[in-house]
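Whatever order the structure lists them in is the order used to number ligands and atoms, beginning at 1.
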Amino acid sequence: MDKQEKKKRRERWSDIVGISCGIILLIFLVVNIIQSHTVKTVGDTNISAEAMTLTGTSMGRNGPVEVEVVADANRIYQIRVLNHEETEGIGSVAVEKIPVSVYDNQSIEVDAVAGATLTSEAVKAAIADALESGGLNPDSFRREVAAAAPVEKTPMELDCDVVVVGAGGAGLTASVLATQEGKNVILLEKIPFVGGNSLRAEGGMNAAGTNLEKELGLDDSTVENFTEDTLRLGHYLANPELVRTLAENSSDAIEWLKTVDATFTGVKATGGCEGRKYLHQPEGGVAVGEYLVAKLKTQVEKLGIDVHVSTKATEILMENGQAVGVMAEDAEHIYTIHAKAVVLATGGFGANFDLMSSYDPSLANAVTTNHSGATGDGIFMAQAVGADTVDMEQIQLHPTVIQSDGSLVSESFRSLGAIVVNTEGKRFVNDLAGRDVVSQAELKQPDGYCFIIFDQNLVDHLALSQRFIDGGYTIQGGTYEELGKNMGLSDEAVKNFVNTMNTWNESVAKGIDEEWGRNNGMDDDLSTAPFYAIKIAPGIHHTMGGIKINTNAEVIDTSGNVIPGLFACGETTGGIHGGNRVGGNAVCDFIVFGRIAGKSASDFAEALS
Ligand code: ADP
């Protein structure tokens, strides 16, 4: 066989191997997709002759939820979720649990899964829709569900070096860090899945002085500028030392994230920062919270960290003024968890309306973007052992919240060029100013709501925008005029809207927004059809205040002293964001201070060993 022939054979073989690998990969992906979007049938096989097989749908958080129900007028025999696009690890938990609960209770009136209310309601509505499609009355399956009989909980004692309370971004980070430091960690999470509010972070992670910024020639993205921007936008209320710590450790945090396989590929403008870019985004503009929580969760699993979900910490255990563990409970146990160090990472209180309205009564009926676990537990537990709090009255409204269900349209839309108009079809503010400025301006507009406007070019560059289209949140139009009409604007307002869009595109071309002085998120105009609008208004988003800490994430008591053995990080703490949190700083906060708390707790535990 000559050389040519051998070469050809080798090439043919490598083609065959390549194609085979491709096919295997494709089969693997298809099987994975099918597995992640369908669940097994729930129910029994002893089915009456009258039973019908019915299908129904309802809109979930990310798209339609489709179910198949086998039922007659008296009984639901089987439920199967045929399709859904709900978020893995959150909505998917409800997709799995609700059919079981509906079948067991023979009622659609079962409780929603904590933290996944929207998906839970969607599954229940889809079941009702299926029943209705067969002429069955869903109301006959709305019987009241009897409260579960109280169980005698078994006491249980556990031991570890570090107990971390709360498995959002901060708790996951602190747990990983402490485990990497060789410590034995127990991580507690009160709802059935990890991720907390962090899972809902969409835009990106602010960081300064990073390698990526240097590669991109972003000379203004310095630690000094980031520190000053954070302090200024927080109305100089924040603790400057904590802000500097946040900024100084942000670049290291980005490097550390690479070790857990999380990488950022783009840096966008941060709202209110006069065009300076700190907002690091994962590839393709996917939502940063889901991305980071998935990476951290994988790491937690790899490291074998002892995670207890549906387990609520109730009290910090103290001995001689030092934190030595926590009390916690799940459905069956009361745990006494002995630990050398305790880390509180329980998030904010943006779902605790009593507490929020004690600071601002106007918030009593506001919509919140927070998940139901954000009730401020860590703050109460810390106060009970003498901790001080700061800035508790500083509660942030986010300007672009969908009022029907609290879904957040993240700042990344505006960073990539979206604008906000009122029902008169006009802009009324620098739409990428600080969140407080934009929210307050919106509250002064007629009709109590506004629209965020974007185009197909933005959709093509921001993967997370697709979920708003699939979820039925967007109003669309092939021209500005058509979009204006579909938004329900008056004829006059449609004319204004067309003018607003044309003027905006001219401003982008000139690089100057003469009308409202916007100077960032102006890289692309909004001229690529189709055009999109989402109806929005301000909603509660972040609680800036919380437990007082120092730069080592040690908790400070009301006399200004450190409480030994007690650490806190993330949204449960105060002092980092002052009077207004900058978009992208919550993620920076939970990674930077999650790492600091994990390290400080490890060092404390080490010193006791
Ligand atoms: P952060 O961004 O600071 O990590 P998150 O809201 O993302 O805040 O996460 C906080 C987590 O703490 C949530 O998942 C919440 O359910 C959990 N949590 C709150 N209170 C308790 C508690 N008492 N016991 C266990 N977990 C808790």
message = When you compare ligand 1 with Lys312, is there at least one nitrogen or oxygen pair between them that comes in under 3.5 angstrom?
response = no
ask   = Would Phe380 and Phe349 count as a close aromatic pair, with their ring centres under 6.0 Å?
value = no
task = Output all residues satisfying side-chain hydrogen bond (donor to acceptor under 3.5 Å, both in side chains) with Arg581, sequence neighbours left out; order by chain, then residue number.
result = His541, His542
Heteroatom distance test (Asn197, ligand 1): nitrogen or oxygen, under 3.5 angstrom = yes
key: Per-atom contacts, ligand 1 versus Asp377 - under 4.0 Å to a heavy atom   = 20 (N), 21 (C), 22 (C), 23 (N)
note = Ranked by distance from atom 3 (O) of ligand 1, the top protein heavy atom is Glu571 N, 2.8 Å
ask   = Does an N or O from Gly169, backbone or side chain, lie closer than 3.5 Å to an N or O of ligand 1?
value = yes
message = Determine whether Glu213 and Thr210 satisfy the following criterion, side-chain hydrogen bond (donor to acceptor under 3.5 Å, both in side chains), listing intermediate values before the conclusion.
response = CA-CA 5 Å; Glu213 284 162 339; Thr210 65; 3.2 Å; yes
inquiry  = Can you name the atoms of ligand 1, numbered from 1 with element, that are less than 4.0 Å from a heavy atom of Ala170?
reply    = 3 (O), 4 (O)
query = Among all protein non-hydrogen atoms, which one is nearest to atom 19 (C) of ligand 1, and what is the separation to 0.1 Å?
reply = Thr346 O, 3.3 Å
task = May I ask you to identify the nearest protein heavy atom to atom 12 (O) of ligand 1, giving residue, atom name and distance to one decimal place in Å?
result = Gly166 CA, 3.2 Å
query = Which residue owns the protein heavy atom closest to atom 26 (N) of ligand 1, what's the atom, and how far is it?
reply = Lys190 N, 3.1 Å
task = Just jot down the ring-ring contact (aromatic ring centres under 6.0 Å, His included) partners of His333, sequence neighbours excluded, or say none.
result = Tyr335
Rounded distance [0.5 Å steps], CG in Leu233 versus CD in Glu228 = 9.0 Å
remark   = His398 and Val401 have their tightest heavy-atom pair at O-CG2, 3.5 Å
Distance-only polar pair, side chains of Gln383 and Asp388, donor-acceptor under 3.5 Å = no
key: Ligand-side contact atoms (ligand 1) for residue partner Gly570, heavy atom cut-off under 4.0 Å   = 3 (O)
request  = Apply side chain to side chain contact (heavy atoms under 4.5 Å, CB included) to Arg467 and Ser407, showing your working.
outcome  = CA-CA 11 Å; Arg467 100 166 169 78; Ser407 286; 4.2 Å; yes
request  = For Val165, counting its heavy atoms only, list the atoms of ligand 1 lying under 4.0 Å from any of them.
outcome  = 24 (N), 25 (C)
request  = Over 60° means perpendicular and under 30° means parallel, so classify the ring planes of Tyr278 and Phe226, tilted if in between.
outcome  = tilted
query = Can you tell which of Ser198, Ala328, Gly350 gets a heavy atom nearest to atom 7 (O) of ligand 1?
reply = Ser198
remark   = Which of Asn585, Asp229, Thr230 passes side-chain hydrogen bond (donor to acceptor under 3.5 Å, both in side chains) with Asn206? Answer is Asn585
request  = Please lay out, stage by stage, how His235 and Asp436 fare under the test side-chain hydrogen bond (donor to acceptor under 3.5 Å, both in side chains).
outcome  = CA-CA 11 Å; His235 313 312; Asp436 50 347; 2.6 Å; yes
query = Of all the atoms in ligand 1, which lie at a distance below 4.0 Å from a heavy atom belonging to Ala345?
reply = 10 (C), 11 (C), 12 (O)
ask   = What protein heavy atom sits nearest atom 9 (O) of ligand 1, and how far off is it?
value = Gly168 CA, 3.2 Å
task = Using non-hydrogen atoms of the residue, decide whether Leu172 is closer than 4.0 angstrom to ligand 1.
result = no
request  = Look at atom 15 (C) of ligand 1 and say which protein heavy atom is nearest, naming residue and atom and giving the distance to 0.1 Å.
outcome  = Glu189 OE2, 3.5 Å
request  = Report yes or no: do Lys312 and Thr346 form a side-chain donor-acceptor pair below 3.5 Å?
outcome  = no
inquiry  = Are any of the N/O atoms on Phe590, whether in the backbone or the side chain, positioned under 3.5 angstrom from an N/O atom of ligand 1?
reply    = no
N or O pair under 3.5 Å between Ala313 and ligand 1 = yes
inquiry  = As an exercise, identify every atom of ligand 1 less than 4.0 angstrom from a heavy atom of Gly195.
reply    = 7 (O)
request  = Measure the distance from atom 8 (O) of ligand 1 to every protein heavy atom, then report the residue, atom name and distance (to 0.1 Å) of the closest one.
outcome  = Gly347 CA, 3.4 Å
